[in-house]
2 protein chains.
Amino acid sequence: MFAALGDPTRLAIFDRLADGKPRSISVLSDDADMTRQAVTKHLRVLEAAGLLQNHRVGRESQYAFCPEQLAEARAYLDQVAGRWESALMRLKSFVEDDEA
Amino acid sequence: MFAALGDPTRLAIFDRLADGKPRSISVLSDDADMTRQAVTKHLRVLEAAGLLQNHRVGRESQYAFCPEQLAEARAYLDQVAGRWESALMRLKSFVEDDEA
DNA sequence: GTTAAATGCAACCAGGAGGTTGCGTTATGT
DNA sequence: ACATAACGCAACCTCCTGGTTGCATTTAAC
């Protein structure tokens with residue numbers, strides 16, 4: 001999932017869809033100075049990572065923002081930050097014990 | 001920065017260093033079933049992304065957790081989630097207006 | 001019913017990422 | 001002082017990724 005957002009093109013697409021509005025592939029590839037096929041591949045990657053949702057309507061396939069994985073990413077970052085801070089606390093109390 | 005955490009090997013190293021303790025390259029490459037050089041490259045990438053800090057001591061170079069970029073990533077995810085939720089709110093009020 | 005739009009599929013290509021090996025250099029330990 | 005540990009640099013290799021092109025297929029529009 002970090003890998004999915006790691007590519008700048010993909011991050012741009014994802015950012016564009018963050019307003020919640022679903023968009024078709026051709027709409028997304030219009031202002032993405034690259035082939036429709038390339039955009040399609042990126043969309044597939046983002047969908048596989050659980051960041052986007054695809055839903056075929058008529059002859060066009062709409063991709064839309066999907067918030068679940070986003071929450072998971074935030075949870076992971078929070079957890080890492082938490083581990084780090086608690087390590088800091090242990091270090092601090094160790095130093096203070098040493099001073100006492 | 002998402003790209004830096006996108007590689008599983010790098011994520012593992014980063015996760016390992018999240019306890020705040022600095023570690024030398026050879027220590028890190030001991031249990032990473034891969035060459036020291038490969039680990040070095042990964043560490044350089046993580047450092048360039050601002051996720052780790054390097055500090056040479058004697059003949060060994062110690063890499064340690066660096067929290068700043070982490071906060072930035074969290075801020076970005078928050079911002080995206082915020083944009084999405086406010087879009088939801090607008091949609092909701094639109095529907096309610098329509099009902100009225 | 002035909003034309004055109006929106007997409008899917010597959011083959012293909014160039015470049016960069018991840019990894020290794022070999023060798024040189026600096027610091028440590030005894 | 002000498003052996004060895006920890007590291008840097010550079011060349012090299014392989015494979016995956018990002019991108020393209022060509023063609024087939026489904027669906028809308030008129």
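Worth knowing before you read on, the calculation uses all heavy atoms, side chains too, and leaves out hydrogens, waters and symmetry mates.
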Under the side chain to side chain donor-acceptor pair (under 3.5 Å) test, which residues partner [X], sequence neighbours left out?
| X | result |
| --- | --- |
| A/Arg16 | A/Asp31 |
| B/Ser61 | B/Asn54 |
| B/Arg36 | none |

Point to revise | End axis versus end axis in the helix from C/dG1-D/dC30 to C/dT30-D/dA1, the angle rounded to 10°, five pairs used at each terminus | key: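 Between the first-five-pair axis and the last-five-pair axis there is 30°.
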
Practice item. By nearest nucleotide on DNA chain D, pick out whichever of B/Gln62 and A/Val45 is the more 5' one. Key: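 It is B/Gln62, whose closest nucleotide lies nearer the 5' terminus.
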
Restricting both atoms to N or O, compile the protein contacts to nucleotides 13-17 of chain D shorter than 3.5 Å, with distance only.
none

Practice item. Verify the cluster assignment for A/Leu43 and A/Met34: are they in a single hydrophobic cluster under the rule of side-chain heavy atoms below 4.5 Å apart? Key: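 The answer is yes; both residues are in one hydrophobic cluster.
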
Review point. Tell me the salt bridge (Lys or Arg N to Asp or Glu O under 4.0 Å) pairs involving residues 42-67 of chain A, sequence neighbours left out?
Key: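 As it turns out, there is no salt bridge (Lys or Arg N to Asp or Glu O under 4.0 Å) pair with a partner in residues 42-67 of chain A once direct neighbours are skipped.
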
Let me confirm one number: the [atom1]-[atom2] distance from [X] to [Y], rounded to the nearest 0.5 Å.
| X | Y | atom1 | atom2 | result |
| --- | --- | --- | --- | --- |
| B/Asp19 | A/Leu88 | CG | CG | 10.5 Å |
| B/Ile13 | B/Ser29 | CD1 | OG | 8.5 Å |
| A/Gln37 | A/Ile25 | CD | CD1 | 8.0 Å |
| B/Gln69 | B/Leu46 | CD | CG | 11.5 Å |

Validation: residues 1-12 of chain B side-chain donor-acceptor distances under 3.5 Å, sequence neighbours left out:
{"from": "B/Asp7", "atom 1": "OD2", "to": "B/Thr9", "atom 2": "N", "distance (Å)": "3.1"}
{"from": "B/Asp7", "atom 1": "OD2", "to": "B/Arg10", "atom 2": "N", "distance (Å)": "3.1"}
{"from": "B/Arg10", "atom 1": "NE", "to": "B/Ala4", "atom 2": "O", "distance (Å)": "2.9"}
{"from": "B/Arg10", "atom 1": "NH1", "to": "B/His42", "atom 2": "ND1", "distance (Å)": "3.4"}
{"from": "B/Arg10", "atom 1": "NH2", "to": "B/Ala3", "atom 2": "O", "distance (Å)": "3.2"}

**Study point:** Selection: residues 52-59 of chain B, any non-hydrogen atom under 4.0 Å of DNA chain C
**Key:**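 Contacting residues: B/Gly58, B/Arg59.
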
Exercise for review: Could you list all the ring pair (Phe, Tyr, Trp, His ring centres under 6.0 Å) pairs where at least one residue sits in residues 9-34 of chain B, not counting sequence neighbours?
Suggested key: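 Passing the test, one end in residues 9-34 of chain B: B/Phe14-B/Phe65.
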
Practice item. Enumerate the residues from residues 22-44 of chain B whose closest heavy atom to DNA chain D is under 4.0 Å, giving them by residue number; use none for an empty result. Key: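 Within this stretch, B/Ser24, B/Ile25, B/Ser26, B/Arg36, B/Gln37, B/Thr40, B/Arg44 sit under 4.0 Å of the strand.
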
Identify each donor-acceptor pair in which a side-chain atom of residues 73-85 of chain B lies under 3.5 Å from a protein atom, sequence neighbours left out, and give them as a table.
{"from": "B/Arg74", "atom 1": "NH1", "to": "A/Asp78", "atom 2": "OD1", "distance (Å)": "2.4"}
{"from": "B/Tyr76", "atom 1": "OH", "to": "A/Asp15", "atom 2": "OD1", "distance (Å)": "2.6"}
{"from": "B/Asp78", "atom 1": "OD1", "to": "A/Arg74", "atom 2": "NH1", "distance (Å)": "2.0"}
{"from": "B/Arg83", "atom 1": "NH2", "to": "A/Asp15", "atom 2": "O", "distance (Å)": "2.8"}
{"from": "B/Arg83", "atom 1": "NH2", "to": "A/Asp15", "atom 2": "OD2", "distance (Å)": "3.1"}

Check your understanding: From the 5' end of DNA chain C to its 3' end, which nucleotides mark the outer limits of contact with chain A, defined by a 4.0 Å heavy-atom distance cut-off (strictly under)?
Key ->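 With heavy atoms of chain A under 4.0 Å away, the range is C/dA5 to C/dC9.
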
Review point. Stepwise, does the side-chain contact (heavy atoms from CB on, under 4.5 Å) test hold for B/Leu28 with B/Leu17?
Key: CA-CA 9 Å; B/Leu28 286 170; B/Leu17 285 171; 4.3 Å; yes

